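Input: a single structure, listed below in structure tokens.
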Amino acid sequence: MISWQVKQQIIDQTNIVEVVGEVVQLSKKGSSYFGLCPFHNERHPSMSVNQEKKMFNCFSCNTKGNVIYFWSRFNHISEDQATIQLAKRIGIEISESDNKEAIKNERLYKVMNEASNFYQFYLNNSEEGLVALDYLKARGIDEKIRNELKIGLASSERDYLNKALNQKNCSELDQIEVGLVKLDDKNNTYDTFRERIMFPITNPSGQIVGFSGRIYTKSDQAKYINSVDNAIFHKGQILYHFHEALDAIKKNDKIFLLEGFMDVIACMKAGINYGVATMGTALTSEHIKLILSATKNIVLFFDGDGAGINAMKKSCGILAGYGILPKAIVLPNNLDPDEYVKNFGVEKFLKYITENEKSAYQWLYDLALKNYIKGDLESTEKFKKEVFNFIRISKQNTIIEHFIRKLSTDTDISYDILVKDFGKSIYTTPSIEESFEIEQKKIKKPVRNNKIKPKVVRAYQIILRHMIESKEQFLIFNDKFSDTFYLDNSLIIYFEFIKKMALFYVDQEVMDHDDFLEIAKKLDEANGVTKYTDLAKTIFEDSLVNPKDLVEFEQCMKTIMECQTDLSRIRLYNKALETNDIDDIRNFENVRKDHVKILPREE
């Protein structure tokens, strides 16, 4: 890592206006320069650049920072790489100790690039290449796509690549480190990829960091072999075709998230160039950050089989933590995009996509509904549980209410009963043996009062101020409580604010005081009161709150969690006392023993 002292020297001596002005058209207004922000789509300039402050700041998407951060974000490179490039511009040499990691990485990039060149040459200039080209043509992969994706071929020979890289002065240690070459028991080298069509994998800045090799002849071997994680390649941080698709993603303000390389290629054949694929891993937070640097409009394009549906659910859960409600497309008969294009052609593929792109949650509901047998009790319970499972991961109360109402309509079960069942489903269920013991127990104690303590009200006031100042803290709160933060009617005013803030943060990164006051005014107008505006002013006038104090935020979270636990226990106690129902008694006994044991949400 390059030291912060060196980075600060680069920042101090670099003219940020000149650097940004090379890629963004800037106009001077006062002491700052303004231009269109390159990190989101916009028509009116909202990004300012100030040489005195040595900072840039977009007032729309809230992307801001120094010249190193700008250059790294714009070029999709690390901050160390950006520092080295900017240092060269102003004639500063970075010392060997600072530059050691960067030099090594550049060396590894060279090995990967030379390997890609060899694979492409071998595909187009060998006997084996003729067979592989016939296979690719049969799959509809023409020369244009082959060249664009730099598709190549690994020889069936033991060490053709190793010899070729040696001739290019690529160290065998580097070849081994990036996983292109291995050692046998006698310490002789051999190529990792043999007799496979090779797909280069690039990082967000376009450098080749890995490969995926696919068999093209009959074989008992695995269909795909991927590069192993190494210094420059981490599957959890890479999306196949992201760099190549970046311009199309920004132009269309949309991204298709697919399961495999051939699915990406199928979309390319249909003229859809904004498709990417994960590297055989589940969607990660690093993937999402990468996607959100280009667009917020995500379309999950997974297979309709069990694995595809589970992947969709997991992706929805992860995206919910970022306030994203994705759309989805599911092809019929469990076909993937490659199979659909092959069987029905490009025109029908495009028509299906246009007509069937809808909310991922709607897709999950429709797929569950297909297997529902109306009037069958077992089928009803299964359908209900499937819906409960996926709406809970949305962490959005509007989604939860919408689909419980749909569930009520489709099953002829009352909305209130379904809401009750949904609330029950968060608690652990004891074994059958335990239930017989619980059935014999009776509760003979007075009803308990669930009065909210003043410290809880204070905690909500403080935490609202924190969440106004920081979307990140709002997401932490929402992820922790989501559909369970409705504690008591006396706190309804805070719950209403939180619901509106959730909707605001879906599309916005930053909330200022005026935004919050606007929410308060609309709530007042809708309810014919002034209490929402009054509370908003109280929150802003509170000089004791420090929105930058994370300890304060965590203390408020803890207070609310303790209140949630106490109220849950009291409510179950009172309900069991009132009904003497076996299910209610069982729930209370379980909670009493485990102190409100709540099931973890699906991630």
Side-chain angles (χ1 to χ4, degrees), residues 37 39-40 46-48 53 55-66 69-70 73 285-286 288-293 296 317-325 394-397 455-485 487 491 493-520 522-523 532-533 535-561 563-564 601 603:
C37 177
F39 305 117
H40 76 285
S46 62
M47 183 182 72
S48 71
K53 296 179 180 178
M55 294 284 290
F56 77 95
N57 182 20
C58 177
F59 299 103
S60 293
C61 71
N62 201 39
T63 302
K64 56 187 174 183
N66 57 44
Y69 182 66
F70 177 89
R73 276 290 303 271
S285 59
E286 293 301 319
I288 294 172
K289 290 174 185 176
L290 190 60
I291 291 170
L292 294 182
S293 70
K296 293 180 180 179
I318 296 171
L319 289 166
Y322 292 81
I324 301 295
L325 298 176
S394 73
K395 301 171 186 173
Q396 296 283 346
N397 291 305
K455 70 175 183 178
V456 177
V457 176
R458 177 63 178 157
Y460 267 98
Q461 290 178 352
I462 295 172
I463 217 160
L464 271 179
R465 178 65 182 278
H466 277 262
M467 295 191 297
I468 294 166
E469 302 289 337
S470 169
K471 180 177 180 178
E472 183 179 355
Q473 291 187 16
F474 175 84
L475 292 176
I476 292 171
F477 176 90
N478 203 43
D479 182 64
K480 186 69 179 175
F481 296 104
S482 63
D483 54 318
T484 64
F485 65 69
L487 300 183
L491 298 170
I493 188 169
Y494 301 100
F495 305 152
E496 290 297 321
F497 269 123
I498 293 167
K499 282 168 61 179
K500 298 300 182 185
M501 290 173 76
L503 294 174
F504 180 92
Y505 276 133
V506 167
D507 296 318
Q508 303 294 328
E509 293 298 319
V510 180
M511 177 181 292
D512 58 27
H513 291 195
D514 289 339
D515 293 325
F516 190 76
L517 283 171
E518 184 63 23
I519 290 173
K522 288 181 179 179
L523 285 169
Y532 294 94
T533 302
L535 177 59
K537 292 178 179 177
T538 300
I539 290 170
F540 290 137
E541 291 169 0
D542 192 341
S543 59
L544 297 179
V545 177
N546 179 8
K548 304 293 184 184
D549 188 349
L550 292 179
V551 174
E552 183 180 79
F553 177 77
E554 290 168 359
Q555 287 174 338
C556 291
M557 290 276 286
K558 183 178 179 182
T559 298
I560 294 170
M561 288 170 64
C563 177
Q564 182 188 57
R601 293 181 194 81
E603 294 299 336

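Predicted model, so just to flag it, every value in this text is computed and none were measured.
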Pairwise side-chain contact, K499 with L503, heavy-atom cut-off 4.5 Å (strictly under): no
So I498 and L464, do their side chains get closer than 4.5 Å, heavy atoms only? yes
Among F553, F477, F474, the one residue meeting ring pair (Phe, Tyr, Trp, His ring centres under 6.0 Å) with H466: F553
If I take atom CD1 from residue I476 and atom CD from residue E554, how far apart are they, to the nearest 0.5 angstrom? 8.0 Å
Classify the ring geometry of F540 against H513: parallel below 30°, tilted from 30° to 60°, perpendicular beyond 60°. parallel
Nearest heavy atoms of V510 and F504, plus distance in Å: O-CE2, 3.4 Å
How many angstroms lie between CD1 in I468 and CE in M501, if you round to the nearest 0.5 Å? 5.5 Å
Are S46 and H40 close enough, and set up right, to give a side-chain contact (heavy atoms from CB on, under 4.5 Å), and what steps lead you there? CA-CA 10 Å; S46 62; H40 76 285; 4.0 Å; yes
Answer whether the closest heavy-atom distance between the side chains of P547 and S470 falls below 4.5 Å. no
Counting C-beta onward and ignoring hydrogens, is there a side-chain heavy-atom pair between M47 and S60 closer than 4.5 Å? no
When rounded to the nearest 0.5 angstrom, what distance separates CD1 in I463 from CD1 in I539? 11.5 Å
Between E541 and R465 (salt bridge meaning N to carboxylate O under 4.0 Å), is one present in this structure? no
When you measure from the side chain of D549 to the backbone of N546, do you find a donor-acceptor pair of N or O atoms at a distance under 3.5 Å? no
Which pair of non-hydrogen atoms, one from K500 and one from I519, has the smallest distance, and what is that distance? CB-CG2, 3.5 Å
Distance, nearest 0.5 Å, that separates CG of L292 from CD1 of I324: 5.0 Å
What one should report as the nearest heavy-atom pair of L550 and Q473 is CD2-NE2, 3.2 Å
May I ask you to test the V456-L491 pair for a side-chain heavy-atom distance under 4.5 Å? yes
Within-4.5 Å side-chain heavy-atom neighbours: E472 and M467: no
Just wondering, do D514 and E518 contact through their side chains at under 4.5 Å, heavy atoms? no
What distance separates L517 CG from T533 OG1, expressed to the nearest 0.5 Å? 7.0 Å
So which atom in Y505 and which in K471 form the shortest heavy-atom distance, rounded to 0.1 Å? O-NZ, 2.9 Å
Heavy-atom pair of closest approach, residues K395 and G317: NZ-O, 3.9 Å
Within the supplied structure, the quantity of interest is the number of heavy atoms (other residues, nucleotides, ligands) at a distance under 6.0 Å from E286 CD; does it exceed 12? yes
For L535 and Y494, the nearest pair of non-hydrogen atoms, with its separation, is CD2-CE2, 3.6 Å
Can you label the angle between the F516 ring and the F497 ring as parallel, tilted or perpendicular, going by 30° and 60°? parallel
side-chain contact (heavy atoms from CB on, under 4.5 Å) assessment of C37 paired with F56: CA-CA 10 Å; C37 177; F56 77 95; over 6 Å; no
Close side-chain approach of K64 to C58, heavy-atom, < 4.5 Å: no
Decide side-chain contact (heavy atoms from CB on, under 4.5 Å) for K522 and Y532; before the verdict, give the C-alpha distance in whole Å, the side-chain angles of both, and the deciding distance to 0.1 Å. CA-CA 9 Å; K522 288 181 179 179; Y532 294 94; over 6 Å; no
Check whether F39 forms a cation-pi arrangement with R73 (NZ or CZ under 6.0 Å from the six-membered ring centre, at most 45° off the ring normal). yes
